[in-house]
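Before any comments, here is the structure.
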Amino acid sequence: MDGGDYSVAGGVEDVYGEDAASMDQPVTPWTVSVASGYSLMRDPRHNKGLAFTEKERDAHYLRGLLPPVVLTQELQEKKLMHNLRQYQVPLQRYMALMDLQERNERLFYKLLVDNVEELLPVVYTPTVGEACQKYGSIFRRPQGLYVSLKEKGKILEVLKNWPQRSVQVIVVTDGERILGLGDLGCQGMGIPVGKLSLYTALGGVRPSACLPITIDVGTNNEKLLNDEFYIGLRQRRATGQEYAELLHEFMSAVKQNYGEKVLIQFEDFANHNAFELLARYSSSHLVFNDDIQGTASVVLAGLLAALRLLGGTLADHRFLFLGAGEAGTGIAELIALEMSKQTGNPIEENRKKIWLVDSRGLIVDSRKESLQHFKKPWAHEHEPVKELVDAVKAIKPTVLIGTSGVGKQFTKEVVEAMAALNEKPLIMALSNPTSQAECTAEEAYTWSEGRAIFASGSPFDPFEYDGKVFVPGQANNAYIFPGFGLGVKISGAIRVHDDMLLAACLASHLPQPKDLVKYAESCMYSPKYRTYR
Ligand SMILES: NC(=O)C1=CN([C@@H]2O[C@H](COP(=O)(O)OP(=O)(O)OC[C@H]3O[C@@H](n4cnc5c(N)ncnc54)[C@H](OP(=O)(O)O)[C@@H]3O)[C@@H](O)[C@H]2O)C=CC1
Ligand SMILES: CC(=O)C(=O)O
Ligand SMILES: [Mg+2]
């Protein structure tokens, strides 16, 4: 073909219409907006793959673009689950699922909804942790929105680049404390993407209303800074005023673009920013911090359920935490608040039943001056104690909760000390992913000779001890934030209050009028295919 007359810059077009001589000339990326034929199949929101009906194939110019067979969504699901199960490596399953989400959104959510127990550990903890660590290497198509220091001064424009206008829920991270894996910078994006997939699968919030965002202010992770495949800004983290200004511009732009009612979930920020962001924006925006507030709600729900086995009321128990950061102090505060509701005692009194250990040992009054503000309420009168096992022996807790982000801290000695003090020691190893759990289910049951009541942040398989099968509980904020978020959205709330978090973990005690449930259901997304005209 002689394409001389039509070439972009006077070169010669090849048979594909590409002009090699003008490869470095700019061209316009023209596209079409009405999905039909080939573009319909490439649009993940509308694609049905082999499930397009005969009628749809005729009406939407799909003839010949698909093989003759027409499958049901159920058969597609069966095939995909079969294929997924062939992968031995969890990260391969993660990548296959992300590919499916990019290819056929409804089928992805159908799989997730129908196989939640099997697939949650893939799109969420623990596998999402590994995915974030390797995000640069496995990166194929971008998901979510990246707001970096490069976009300072034009964040509103960046938000306008997102194709959906009806965003209702944003999960945002700055990647500094990804699970218990530390600073993963821009590669933390896997977390908002995973969390929002649960908003849809478990909370019924439609995918088009969900927006995952990563704010990239750099990373202090040397390994990533030296990784040639790293996807983020190659600089150390911005702090102080520079950080605050970027975040403020972001928060203002979100409200300007999506209005007062968009829910912003802060996720996996480091604690030196997390508490401040929550305090700063909770009176002007609809925000909540999943690590501080969501975790607190789900753990309190777990404790209230466990009381049926342990006996007594919340105020009859003594709590010891390993880890006094977002999760630890967040849970501690909600427990104290609930005790106050139940007993009428002032919260300061109830706090005295709760003790926390950080990387320097037991939090006691002699350390008060040097403590971060969120630890100060927990500095009770006691002599200093360095080791966890000694703190267990000194405080004599009935409940031990791990929120340290460091694996293997509940040693045999620690669990045995808990078992010596309690007939049924309640042990929660909440740190994620599995590698960071304070102990495994097997360790908790074995070292307590089958007496521990155990829950963990990442899932563990049932374990047989002394002829009895123990099924560990999972205490993860995933059990609360999708429903909590849906509730906030459909109630039209414009601010989040502590009472809502208490109500969320006491929900089964509240009257649930039939029509309210029906209303909630009617607001929820269904991943079943729609029929096209
Ligand atoms: N299951 C769930 O739903 C959730 C689980 N998590 C998990 O909890 C963990 C912590 O998260 P978060 O609270 O946000 O993190 P933070 O960084 O806010 O807090 C971590 C706390 O652990 C302490 N710590 C660190 N190392 C040790 C150690 N060796 N011994 C004793 N204490 C130690 C730190 O001490 P210091 O202050 O002295 O540095 C700090 O107080 C993570 O692994 C996360 O995945 C978080 C949210 C939800
Ligand atoms: C579960 C969660 O939010 C975390 O580990 O950070
Ligand atoms: Mg988190």
Side-chain angles (χ1 to χ4, degrees), residues 120-121 123-126 128-129 132 171-184 188 190-192 194-195 198 265-276 278 288-302 320-334 355-363 367 370-376 378 385-391 400-411 414 428-438 455-460 472-482 505:
L120 203 66
V123 297
Y124 195 59
T125 184
V128 73
C132 289
V171 176
V172 59
T173 188
D174 73 355
E176 193 168 2
R177 197 286 278 142
I178 294 299
L179 308 178
L181 301 171
D183 182 353
L184 297 185
I191 296 294
K195 293 266 175 186
L198 303 192
Q265 173 169 324
F266 291 123
E267 191 69 50
D268 290 10
F269 283 75
N271 62 38
H272 56 95
N273 290 317
F275 287 98
E276 210 171 307
L278 186 62
F288 98 111
N289 183 300
D290 186 35
D291 301 299
I292 302 170
Q293 297 170 295
T295 316
S297 211
V298 89
V299 172
L300 178 57
L320 180 65
F321 286 78
L322 183 76
E326 294 168 65
T329 62
I331 301 165
E333 187 66 11
L334 203 66
W355 296 78
L356 292 94
V357 171
D358 67 8
S359 64
R360 289 157 188 249
L362 190 65
I363 295 182
R367 295 179 53 196
S370 61
L371 289 173
Q372 289 149 291
H373 68 91
F374 49 87
K375 293 180 184 169
K376 286 189 197 286
W378 310 102
V385 181
K386 185 84 192 81
E387 300 300 326
L388 175 64
V389 68
D390 297 327
L400 178 65
I401 301 180
T403 50
S404 64
V406 186
K408 301 278 165 213
Q409 298 297 303
F410 293 171
T411 58
V414 168
M428 293 185 166
L430 299 184
S431 292
N432 297 313
T434 315
S435 59
Q436 311 309 105
E438 283 78 6
S456 53
S458 299
F460 281 103
Q474 193 180 354
N476 192 297
N477 48 34
Y479 288 92
I480 215 120
F481 70 77
C505 58

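Counting convention: from 1, in listed order, for ligands and their atoms alike.
Ring orientation note: the planes of His373 and Phe275 are nearly perpendicular, at an angle over 60° on the 30°/60° scale.
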Should Gln474 and Ser456 be marked as a side chain to side chain donor-acceptor pair (under 3.5 Å) after you check the CA-CA gap, both sets of side-chain angles, and the distance that decides it? CA-CA 5 Å; Gln474 193 180 354; Ser456 53; over 6 Å; no

I would like to know whether Leu181 and Cys132 meet side-chain contact (heavy atoms from CB on, under 4.5 Å); could you show each step before the answer? CA-CA 9 Å; Leu181 301 171; Cys132 289; 5.8 Å; no

Determine, step by step, whether Asn432 and Ser458 satisfy the side chain to side chain donor-acceptor pair (under 3.5 Å) criterion, reporting the C-alpha distance in whole Å, the side-chain angles of both residues, the deciding distance to 0.1 Å, and the verdict. CA-CA 6 Å; Asn432 297 313; Ser458 299; 2.7 Å; yes

Which is it for Leu320 and Leu388 under the side-chain contact (heavy atoms from CB on, under 4.5 Å) test, yes or no, and what are the steps along the way? CA-CA 9 Å; Leu320 180 65; Leu388 175 64; 4.0 Å; yes

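Between the CG atom in Asp291 and the CG atom in Leu278 there is a gap of 11.0 Å [rounded to 0.5 Å]. Atom CD1 of Ile480 sits about 3.5 Å away from atom OG of Ser297, to the nearest 0.5 Å. Once rounded to the nearest 0.5 Å, the distance linking CD1 of Ile331 with CG of Leu430 reads 5.5 Å. Put simply, CG on Leu334 and CD1 on Ile292 are 12.0 Å apart, with the number rounded to the nearest 0.5 Å.
Looking at Arg177, its side chain does come within 3.5 Å of a backbone N or O of Leu179 through a donor-acceptor pair. A donor-acceptor distance shorter than 3.5 angstrom exists from the side chain of Glu326 to the backbone of Asn271, with no hydrogens or angles considered. Proximity of a side-chain donor or acceptor of Gln409 to a complementary backbone N or O of Gly407 within less than 3.5 Å is detected. Under the 3.5 Å distance criterion, the side-chain polar atoms of Thr125 are left unmatched by any main-chain donor or acceptor of Thr434. Remark: the backbone N or O of Gly323 is paired with a side-chain donor or acceptor of Thr403 at under 3.5 angstrom.
In terms of protein heavy-atom proximity, atom 14 (O) of ligand 1 is nearest to Arg177 NH2, 2.8 Å. Of all protein heavy atoms, the one lying nearest to atom 29 (N) of ligand 1 is Gln409 OE1, 3.9 Å. Closest to atom 25 (C) of ligand 1 among all protein heavy atoms lies Ser404 O, 3.4 Å. Closest protein heavy atom to atom 5 (C) of ligand 1: Leu430 O, 3.2 Å. Regarding atom 37 (O) of ligand 1, its nearest protein heavy-atom neighbour is Lys375 NZ, 2.6 Å. In terms of protein heavy-atom proximity, atom 26 (N) of ligand 1 is nearest to Val406 CG2, 3.3 Å. Among all protein heavy atoms, the one lying closest to atom 19 (O) of ligand 1 is Gly325 CA, 3.3 Å. Scanning all protein heavy atoms for the shortest distance to atom 5 (O) of ligand 2 gives Asn432 ND2, 2.8 Å. Counting only heavy atoms of the protein, atom 23 (C) of ligand 1 lies nearest to Gly323 CA, 3.8 Å.
Closest heavy-atom approach to atom 7 (C) of ligand 1 among the candidates Ser431, Ser456, Ala270, Gly407: Ser431. Of the candidates Ser458, Ser359, Ala455, Gly402, the one placing a heavy atom closest to atom 38 (O) of ligand 1 is Ser359. When the heavy-atom distances from atom 31 (C) of ligand 1 to Ile480, Asp358, Ile401 are ranked, the shortest goes to Asp358.
Under 4.0 Å from ligand 2, the heavy atoms of Asp268 that appear belong solely to its side chain. When non-hydrogen atoms are compared, ligand 1 lies under 4.0 Å from the backbone of Ala475 (N, CA, C, O) but not from its side chain. At a heavy-atom cutoff of 4.0 Å, ligand 2 is contacted by the side chain of Lys195 but not by its backbone. Proximity of Tyr124 to ligand 2, defined as any heavy-atom pair under 4.0 Å, is confined to the side chain (atoms from C-beta onward). Residue contacts with ligand 2, taken as heavy atom pairs separated by less than 4.0 Å, involve Asp291 solely via side-chain atoms from C-beta onward.
Residue contacts with ligand 1: Leu322 is placed with no nitrogen or oxygen under 3.5 Å of a nitrogen or oxygen of the ligand (distance criterion only). Between Ala327 and ligand 1, a contact under 3.5 Å exists for at least one N or O pair. Note: an N/O pair closer than 3.5 Å links Asn271 and ligand 1 by distance alone. Of the N or O atoms in Glu267, one or more lie within a sub-3.5 Å distance of an N or O in ligand 2. Checked by distance only, ligand 1 and Gln436 stay at 3.5 Å or farther apart across all their nitrogen or oxygen atoms. Annotation: Ala324 places an N or O atom under 3.5 Å from an N or O atom of ligand 1; distance criterion only.
Residue Asn476 has at least one heavy-atom neighbour below 4.0 Å for each of these atoms of ligand 2: 1 (C). Set against the non-hydrogen atoms of Arg177, the atoms of ligand 2 under 4.0 Å away are 6 (O). The Asn477 neighbourhood of ligand 2 comprises atoms 1 (C), 2 (C), 3 (O), with distances under 4.0 Å to a heavy atom of that residue. The ligand atoms of ligand 1 that sit less than 4.0 angstrom from a heavy atom of Asp291 are 47 (C). The distance from ligand 1 to the heavy atoms of Thr295 drops below 4.0 Å at these ligand atoms: 2 (C), 3 (O), 4 (C), 47 (C), 48 (C). Close contacts of ligand 1 with Gly457, meaning ligand atoms under 4.0 Å from a residue heavy atom, involve 1 (N). Shown in contact with Thr403 at under 4.0 Å from a heavy atom are these atoms of ligand 1, numbered in order with element: 10 (C), 20 (C), 21 (C), 22 (O). Proximity to Gly180 (heavy-atom distance under 4.0 Å) selects the following atoms of ligand 1: 42 (C), 43 (O), 45 (O).
In this structure, Glu438 does not pair ionically with Lys408, as no charged nitrogen and carboxylate oxygen lie closer than 4.0 Å.
Taking all atoms of both residues into account, the shortest heavy-atom contact from Asp358 to Ala324 is CB-CB, 4.1 Å.
Of the N and O atoms on the side chains of His272 and Glu176, at least one donor lies less than 3.5 Å from an acceptor on the other residue. No side-chain donor-acceptor contact under 3.5 Å links Asp268 and Thr173.
Using a 4.5 Å heavy-atom cutoff, the side chains of Glu333 and Trp378 are in contact.
At the Mg ion (ligand 3), the angle from OE2 in Glu267 to OD1 in Asp268 is 100° when rounded to 10°.
Residue Asp291 approaches the Mg ion (ligand 3) most closely through its N/O/S atom OD1.
For Leu179, the heavy-atom gap to ligand 2 drops under 4.0 angstrom.
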